[in-house]
Protein chains: 4
Amino acid sequence: MIIYFTAMRHKDELKQDAIIEAAIKLVNEIGFAASSVAKISKEANVSPATLYIYYKNKEDLLVSTYVNIKKKLSDAALKDFDSSLPIRDILERLWHNMFNYISLHREYFKFAEQFSNSPYNELVKKEEVEKYFEPMVRVLKKGIEQKIIKDVNHDILAAFIFYPIMSLSNSRLCKGFDNNEINIDTAFTLAWDAIKL
Amino acid sequence: MIIYFTAMRHKDELKQDAIIEAAIKLVNEIGFAASSVAKISKEANVSPATLYIYYKNKEDLLVSTYVNIKKKLSDAALKDFDSSLPIRDILERLWHNMFNYISLHREYFKFAEQFSNSPYNELVKKEEVEKYFEPMVRVLKKGIEQKIIKDVNHDILAAFIFYPIMSLSNSRLCKGFDNNEINIDTAFTLAWDAIKL
Amino acid sequence: MIIYFTAMRHKDELKQDAIIEAAIKLVNEIGFAASSVAKISKEANVSPATLYIYYKNKEDLLVSTYVNIKKKLSDAALKDFDSSLPIRDILERLWHNMFNYISLHREYFKFAEQFSNSPYNELVKKEEVEKYFEPMVRVLKKGIEQKIIKDVNHDILAAFIFYPIMSLSNSRLCKGFDNNEINIDTAFTLAWDAIKL
Amino acid sequence: MIIYFTAMRHKDELKQDAIIEAAIKLVNEIGFAASSVAKISKEANVSPATLYIYYKNKEDLLVSTYVNIKKKLSDAALKDFDSSLPIRDILERLWHNMFNYISLHREYFKFAEQFSNSPYNELVKKEEVEKYFEPMVRVLKKGIEQKIIKDVNHDILAAFIFYPIMSLSNSRLCKGFDNNEINIDTAFTLAWDAIKL
DNA sequence: GATGAATGAGTGTTCATTCAT
DNA sequence: CATGAATGAACACTCATTCAT
């Protein structure tokens, strides 16, 4: 039987968090290639060796960080999820939640973008991430059944209802897009027009 | 036409091409971070030193390759560009051209995705790339003036008329999307519904 | 005394010494230009990476080594320094001490000669080296005040009382000079005749 | 039979000179180690390959340059050499000639200092250089025979009559020494006092 | 658990030299 | 004679990881 003293557990998690935050910060600032274990551990104020207590290796750290971010994003998106609302309202709420979360955590999102466009992405167990977004998929399916949403391939729907969020949130791509409520509303209108029957 | 007045060996375009292709191939297979100069030059069957005859450094090689790809993509998109056609037809043709080009040159596109999500992207002179896509921007503007297209921020329009192409072409993201004519047509319908008034 | 509060491996002074000795040996044998980090670390039986634990970079290693040698030389020269002796005796003792030290540590001296004639020399903080030789400067000044030594520019005096030691000790230059007591005495007579009033 | 048209010969020598001057300049500015063939040839405005027409290899270039400089220095020193003058006057004239030449050609001298303190120096055929300084040696010998100069080892005499010139001319060592006629005269007095009987 | 020392293998880049023209 | 292209080997330096403490 293992007994954790609160203080110890606390300390551990602080360190683990520090490492993750350091990784995200560095990847965003200097990129994947340049973010070495030495630099990450220095940024987190721990020894390189310490990093290997919490993660099997560098790959493990990066993949964990990514999954972590994805989970947080889905949590935020599904906050106040209410399947009894009209489909459009559900999606609008999701849309706003995601925008809010992303704009509050740009650095998480930038990391995820880099990660998901690198071969590291192949190392993520797909189901583990997809399960977080399961409820959204179900909404779309219901919409199709109710003849409210176009009956087209799921990826196509996603490309118009979720992916534009990424695109618009990406400051690299959209320097001219001001991330305010009105613009976000406007954008949702387009998204809805795209998928609605 | 190049005229050499003095005797010397000429730069070998085959070699330069081999280096670019090697870079693209490797970045796609093992990722940006792992694509070292040594590996790229080995893949291209040249000495690492040779690479530095054609490019100032690694960064220069990668940026050049990216700009090159972007140019080719815009050339392909604007093939048969005819501003006298109806707006919808112009965009539909652009849409198909881009899909065709991307599906024929997945490697180019995958490279570009990785590149544009890495810090290397900041090194690209934005105007140099944007000028290629100038004609498309003008079409959208005309559509707005003619009250055919919604009068919203340009970035929002782009997020629904261009960015979904990227998303749908990205096999990492859309494993379930079959890149055939029918699907592409369907997707365009959604895009058009999104932006049309 | 160093107290370590946390568990860790200590820096190994033996290793640091081995690196310095290897650098000196190699610079003497194959010259500054050819003494690469790889060769130095191999000679010292450590990994090239280890060298960078002890020194910021190659330059740091070489400069540190040089300053180190200069310090040792001045320590040796000033051994038994007694300002109450007659000026001539003080200088004679300095002269002998330096000759003795140099002839016992030819490698150090040869390294210093190469170093001080290379652009690396500009990287040495001048005061750091000059402070070691401060007492000798004071002796010359006192000699001038007492009308025992010619009242001429300090550099000129140094060129006759210190620099000939370098010249005579340099086996490259003086293959015919046997470094024995009689010769050293003789040489000092000339030095003294040069500077005395 | 080979016929050289004047123009051709001229051109050759210009190039050869340009290479030597470039080598000297670069060695002085960035040091022996950093002076690569590529940089030297670029500085001389020729192709790296051209350098190998005039010199067997890099070593050959550097050694030739050094011997060249030494020859020029001895030519300058022995200008107006008149063995019928009193010994002191001969040496004084030599002394002034050398100082003048060195102060007019600091860069040659700096190169020579670096070179002679590097292992490259071993590659110089000693006789080739020493023969240039033969007349000076003969003067010293005559002085000893005539009981004007101390009868001590030749290297010791050289260390006081020639080497101080190097020391005083070396701006790295003697920042406080102003290279004017009065100072040079003063310095010669010390040199003469050192060696005279 | 946590550390800084230690490292072989690798990084991007430049080297001295040769080659075809 | 003169060139710029071409290169394997070397350069200074950093990497991800392991080790003893």
Side-chain angles (χ1 to χ4, degrees), chain A residues 8-9 11-12 15-16 33-42 45-61, chain B residues 4-12 15-16 33-42 45-61, chain C residues 4-12 15-16 33-41 45-61, chain D residues 8-9 11-12 15 33-42 45-61:
Chain A
M8 282 172 66
R9 287 286 291 160
K11 202 175 168 195
D12 291 356
K15 245 171 204 147
Q16 198 156 2
S35 296
S36 68
V37 169
K39 287 176 192 155
I40 291 171
S41 57
K42 185 172 233 175
N45 277 316
V46 299
S47 161
T50 305
L51 202 145
Y52 286 84
I53 294 168
Y54 296 99
Y55 301 98
K56 203 152 50 69
N57 50 32
K58 191 189 179 184
E59 182 183 301
D60 183 29
L61 162 62
Chain B
Y4 292 100
F5 287 96
T6 53
M8 60 169 168
R9 266 161 113 180
H10 304 24
K11 275 195 187 174
D12 186 346
K15 236 161 217 158
Q16 192 156 6
S35 295
S36 68
V37 169
K39 286 176 194 154
I40 292 172
S41 57
K42 182 171 251 178
N45 276 316
V46 299
S47 161
T50 303
L51 201 147
Y52 288 85
I53 294 169
Y54 295 95
Y55 301 97
K56 204 152 46 66
N57 49 34
K58 190 190 179 184
E59 179 185 304
D60 183 30
L61 162 61
Chain C
Y4 292 100
F5 287 95
T6 52
M8 60 169 167
R9 268 162 113 179
H10 303 23
K11 276 194 187 175
D12 185 346
K15 235 161 219 161
Q16 192 156 7
S35 295
S36 69
V37 169
K39 286 176 193 155
I40 292 171
S41 56
N45 276 316
V46 299
S47 160
T50 303
L51 200 146
Y52 288 86
I53 294 169
Y54 296 95
Y55 300 96
K56 202 153 47 69
N57 49 34
K58 190 189 179 185
E59 180 184 303
D60 183 30
L61 162 62
Chain D
M8 280 172 68
R9 287 286 289 162
K11 201 175 170 194
D12 290 356
K15 245 171 203 145
S35 296
S36 68
V37 169
K39 286 176 193 157
I40 292 171
S41 57
K42 184 172 234 174
N45 278 316
V46 298
S47 161
T50 305
L51 201 146
Y52 286 84
I53 295 167
Y54 296 99
Y55 302 97
K56 202 150 50 68
N57 50 32
K58 191 189 180 185
E59 180 182 303
D60 184 28
L61 161 63

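Note that this is a predicted model, so its numbers are computed, not measured. What's counted below: heavy atoms across the whole structure, side chains too, no hydrogens, waters or symmetry copies. By convention in this document, chain letters (A, B, ...) are assigned in the order of the sequence lines, proteins followed by strands, and residues within each chain are numbered from 1.
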Exercise for the section: With sequence neighbours left out, write down each residue that passes side chain to side chain contact (heavy atoms under 4.5 Å, CB included) with D/Tyr55, or none if nothing qualifies. Expected result: D/Gln16, D/Ile19, D/Ile20, D/Asp60, D/Leu61, D/Ser64
Fill in the blank from the handout: Symbol by symbol from the 5' end, with Watson-Crick or G-U pairs under 3.5 Å, [ ] crossing and | another strand, DNA chain E is .||||||||||||||||||||
Practice task
Under 4.0 Å between any heavy atoms, over every strand shown, what does C/Thr50 touch: base, sugar-phosphate, or nothing? Just pick one.
Solution key: base
Handout entry: Rounded distance in Å - OH (B/Tyr54) to C1' (F/dG4)
Key = 10 Å
Practice task
Output the single nucleotide from F/dT18, E/dA16, E/dT13 whose closest atom is nearest the side chain of D/Lys58.
Solution key: E/dA16
Handout entry: Rounded interatomic separation in angstrom, taking CD1 from B/Ile53 and C1' from F/dT7
Key = 8 Å
Practice task
Could you say whether A/Asn45 or D/Ser35 is positioned toward the 5' end of DNA chain E, judged by the nucleotide with the nearest heavy atom to each?
Solution key: A/Asn45
Exercise for the section: Nearest whole angstrom, please: distance from the C1' of E/dA6 to the NZ of C/Lys15. Expected result: 6 Å
Problem - Rounded distance (Å) that lies between atom P of F/dT3 and atom NZ of D/Lys42 - result: 14 Å
Fill in the blank from the handout: Between D/Lys15 and the options D/Leu51, D/Val46, D/Asn45, the side-chain contact (heavy atoms from CB on, under 4.5 Å) test singles out D/Val46
Practice task
Figure out the NZ/P separation between B/Lys56 and E/dT14, and round it to whole Å.
Solution key: 10 Å
Exercise for the section: With sequence neighbours excluded, tell me which residues meet side chain to side chain contact (heavy atoms under 4.5 Å, CB included) with D/Lys39. Expected result: D/Leu26, D/Ile30, D/Ala34, D/Ser36
Handout entry: First of C/Ala33 and B/Ser47 reached from the 5' end of DNA chain F, by closest nucleotide
Key = B/Ser47
Practice task
Mind checking C/Val37 for me? I need base, sugar-phosphate or nothing, with any heavy atom below 4.0 Å counting as a touch.
Solution key: sugar-phosphate
Exercise for the section: Calculate the interatomic distance between A/Ile40 atom CD1 and F/dA16 atom P; express it in whole Å. Expected result: 8 Å
Problem - Residues that D/Lys58 engages under side chain to side chain contact (heavy atoms under 4.5 Å, CB included), provided they are two or more places apart - result: D/Val37, D/Leu62
Practice task
Using only side-chain N and O atoms of C/Ser36, determine if any of them is under 4.0 Å from OP1 or OP2 of F/dC11.
Solution key: yes
Problem - side-chain N/O A/Lys39 vs F/dT14 OP1/OP2, d < 4.0 Å - result: no
Completion exercise
Of E/dT14, F/dT3, E/dT7, the nucleotide closest to the side chain of B/Tyr52 is E/dT14
